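Basis for what follows: all heavy atoms, side chains included, without hydrogens, waters or symmetry-related copies. If you're wondering where the values come from, they're calculated on a predicted model, not measured in any experiment. FYI, the numbering just counts along the sequence from 1.
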Amino acid sequence: AGPPPCLPDHDDFRPWSAEALCGLPLAVSLDNSTHPFPTNPVALRVGVMRKAGCEGGVVLRNPGFWGIAARPSLTFRLEFWASTTAPIAVSPTLWCPALGRSITTAATLSVVGPGWAPHAVSLRAREGCDAAVLSLTLAGSGGGAVTHFDGFSLMPGDAVAGIFRRDVF
């Protein structure tokens, strides 16, 4: 068996950043209490609250390694695993800091169960951006939810051999 895996600093979940919306409390950390993969025993734990008149509870952002290069009409495939104590809506987009807006088509996924389940969606770029950021707006459906995320993958549709960014070749 051996010792339990070490948990990194639970407050340091870089490269992810988090922002609470509408003055809601922010509860984001690393957690090793549950995970979908035994080879990666640490998941991102997010407390998602709901407030009347607020379109979301928490925004999670990940810039990738050097920013995410997007060209108009390029489709990205986002995949991740999630588990939640209460239903939440996840609205992913690619956010372009240079433009100050989302550059992809709108999408919303429902995360509904307490067991780990895979989720996937395609995001199509409406315009280009040299250093876009994956942005997930999470909204609870009731008083609040604790949601765990793991196994994120965002791949451009034109990836070389399905795994390498075409713009680096």
Could you list all the salt bridge (charged side-chain N to carboxylate O under 4.0 Å, His left out) pairs where at least one residue sits in residues 102-122, not counting sequence neighbours? none

Between R124 and S73, is any pair of side-chain heavy atoms under 4.5 Å apart? yes

Which residue pairs pass the salt bridge (charged side-chain N to carboxylate O under 4.0 Å, His left out) test when at least one of the two sits in residues 85-97, sequence neighbours left out? none

May I ask you to test the L94-L154 pair for a side-chain heavy-atom distance under 4.5 Å? yes

Could you work out, with side-chain hydrogen bond (donor to acceptor under 3.5 Å, both in side chains) as the rule, every residue matching S17, not counting sequence neighbours? none

Atom pair CE/CD of M155 and E79 - distance to nearest 0.5 Å: 9.5 Å

Test side-chain contact (heavy atoms from CB on, under 4.5 Å) applied to A106 - qualifying residues, sequence neighbours left out: none

Pairs satisfying side chain to side chain donor-acceptor pair (under 3.5 Å), at least one member in residues 94-104, at least two apart: T93-S102, T93-T104, R101-E127

What distance separates S91 OG from L109 CG, expressed to the nearest 0.5 Å? 8.0 Å

Does the pair F152 and W16 meet the rule for a ring pair (Phe, Tyr, Trp, His ring centres under 6.0 Å), with working shown? CA-CA 11 Å; F152 278 92; W16 291 95; 4.8 Å; yes

Rounded to the nearest 0.5 Å, what separates atom NE2 in H148 from atom CG in L30? 10.0 Å

Between D150 and P36, which heavy-atom pair has the shortest distance, and what is it? OD2-CD, 3.4 Å

Counting only N and O atoms by type, is there a donor-acceptor contact under 3.5 Å from the side chain of T105 to the main-chain atoms of L123? no

To the nearest 0.5 Å, what is the distance between OG1 on T147 and CG on L136? 11.5 Å

Contacts of S135 that satisfy side-chain hydrogen bond (donor to acceptor under 3.5 Å, both in side chains) - sequence neighbours left out: none

Can you tell me how far the OG1 atom of T137 sits from the CZ atom of R61, to the nearest 0.5 Å? 7.0 Å

Are W116 and L78 joined in one hydrophobic group, where the rule is that I, L, V, M, F, W and Y side chains link up if heavy atoms are under 4.5 Å apart? no

Taking only residues two or more places apart in sequence, or in another chain, which ones meet S110 in a side-chain contact (heavy atoms from CB on, under 4.5 Å)? V112

Does anything in residues 69-139 pair up under disulfide bond (SG atoms under 2.5 Å apart), and if so which pairs, sequence neighbours excluded? C96-C129

Restricting to ring pair (Phe, Tyr, Trp, His ring centres under 6.0 Å), what partner residues turn up for F37, sequence neighbours left out? W81

For a quick test of reading the model, state the closest non-hydrogen atom pair linking H35 to N32 and the distance between them. CD2-O, 4.5 Å

Looking at residues at least two apart in the chain, or sitting in another chain, which of them share a side-chain contact (heavy atoms from CB on, under 4.5 Å) with T85? A145, V146

Can you see which heavy atom on I68 is nearest to which on L134, and at what distance? CD1-N, 3.7 Å

For V121 and P92, which heavy atoms make the closest approach, and how far apart are they? CG1-CG, 3.8 Å

Taking only residues two or more places apart in sequence or in another chain, which ones pass side-chain contact (heavy atoms from CB on, under 4.5 Å) with P15? N62, P63

State, to 0.1 Å, how close A18 and V28 come at their nearest heavy-atom pair, and which atoms those are. CB-CG2, 3.8 Å

What heavy-atom pair brings H119 and A117 nearest, and what distance separates the two atoms? CD2-O, 3.2 Å

Do any pairs count as a salt bridge (charged side-chain N to carboxylate O under 4.0 Å, His left out) and have a residue in residues 32-48, sequence neighbours left out, and if so which ones? D31-R45

With a 4.5 Å cut-off on side-chain heavy-atom distances among I, L, V, M, F, W and Y, is there a chain of contacts connecting L138 to V133? no

